[in-house]
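A short worksheet on the structure shown next.
In this text the structure is predicted, and so the values were computed from the model without any measurement. Scope of the values below: all heavy atoms of this structure, side chains included, with no hydrogens, waters or symmetry mates.
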Amino acid sequence: MVDDPAVGDVRVAGVRALAFQSVLGVAVANYPAPKDDGRSFAVDPLGKVLSMGGLQPDLVITDFDLDRIRALQKEDWFRR
């Protein structure tokens, strides 16, 4: 079990950065409490959290806008 609740925050921040740097939508599944902190979640290619589950077993559903992701991948602004 994660004793420090900030660890989950660090995990979310890392995935948000990965999604932004890769210009991809990212979904992450995690074991619920008591094994881990749960909080399965999904972020868009700009790092915005689209959905997040709770501490207990939960179903997290997210729609990724693939046309928007492809358009962002073709833009050059984020590589400067």
Side-chain angles (χ1 to χ4, degrees):
M1 179 172 170
V2 177
D3 295 323
D4 182 358
V7 171
D9 294 341
V10 170
R11 181 172 54 92
V12 172
V15 173
R16 291 180 68 202
L18 173 69
F20 181 79
Q21 291 171 345
S22 304
V23 194
L24 293 171
V26 178
V28 177
N30 195 25
Y31 288 105
K35 180 174 173 74
D36 282 315
D37 70 349
R39 302 280 184 209
S40 296
F41 63 99
V43 298
D44 74 4
L46 297 179
K48 177 184 173 189
V49 176
L50 299 174
S51 60
M52 182 174 287
L55 301 176
Q56 297 303 317
D58 202 358
L59 180 63
V60 179
I61 298 174
T62 301
D63 289 324
F64 290 104
D65 184 342
L66 297 181
D67 292 330
R68 181 170 180 252
I69 291 172
R70 288 182 189 112
L72 285 169
Q73 290 170 340
K74 290 178 182 176
E75 290 182 19
D76 207 24
W77 64 268
F78 59 88
R79 299 192 189 275
R80 295 178 196 190

Check: Given the rule that I, L, V, M, F, W and Y join up when any side-chain heavy atoms are under 4.5 Å apart, are I69 and L72 in one cluster?
Finding: no
Check: Does L18 have any side chain to side chain contact (heavy atoms under 4.5 Å, CB included) partners at least two apart in sequence or in another chain, and if so, which?
Finding: S22
Check: With sequence neighbours left out, which residue pairs that include part of residues 15-34 fulfil the salt bridge (charged side-chain N to carboxylate O under 4.0 Å, His left out) condition?
Finding: none
Checklist line | Residue pairs passing the salt bridge (charged side-chain N to carboxylate O under 4.0 Å, His left out) test where at least one lies in residues 45-65, sequence neighbours excluded | finding: none
Next item on the list: For T62, check side chain to side chain contact (heavy atoms under 4.5 Å, CB included) against everything at least two apart and list the hits.
Entry: A42, L50, S51, V60, F64
Item checked: Remaining members of hydrophobic cluster (4.5 Å side-chain criterion), L59 -> I61
Let me have the donor-acceptor pairs involving side chains of residues 26-34, under 3.5 Å, with sequence neighbours excluded, atom names and distances please.
unit_1, atom_1, unit_2, atom_2, d
N30, ND2, D37, OD1, 2.7
N30, ND2, G38, O, 3.0

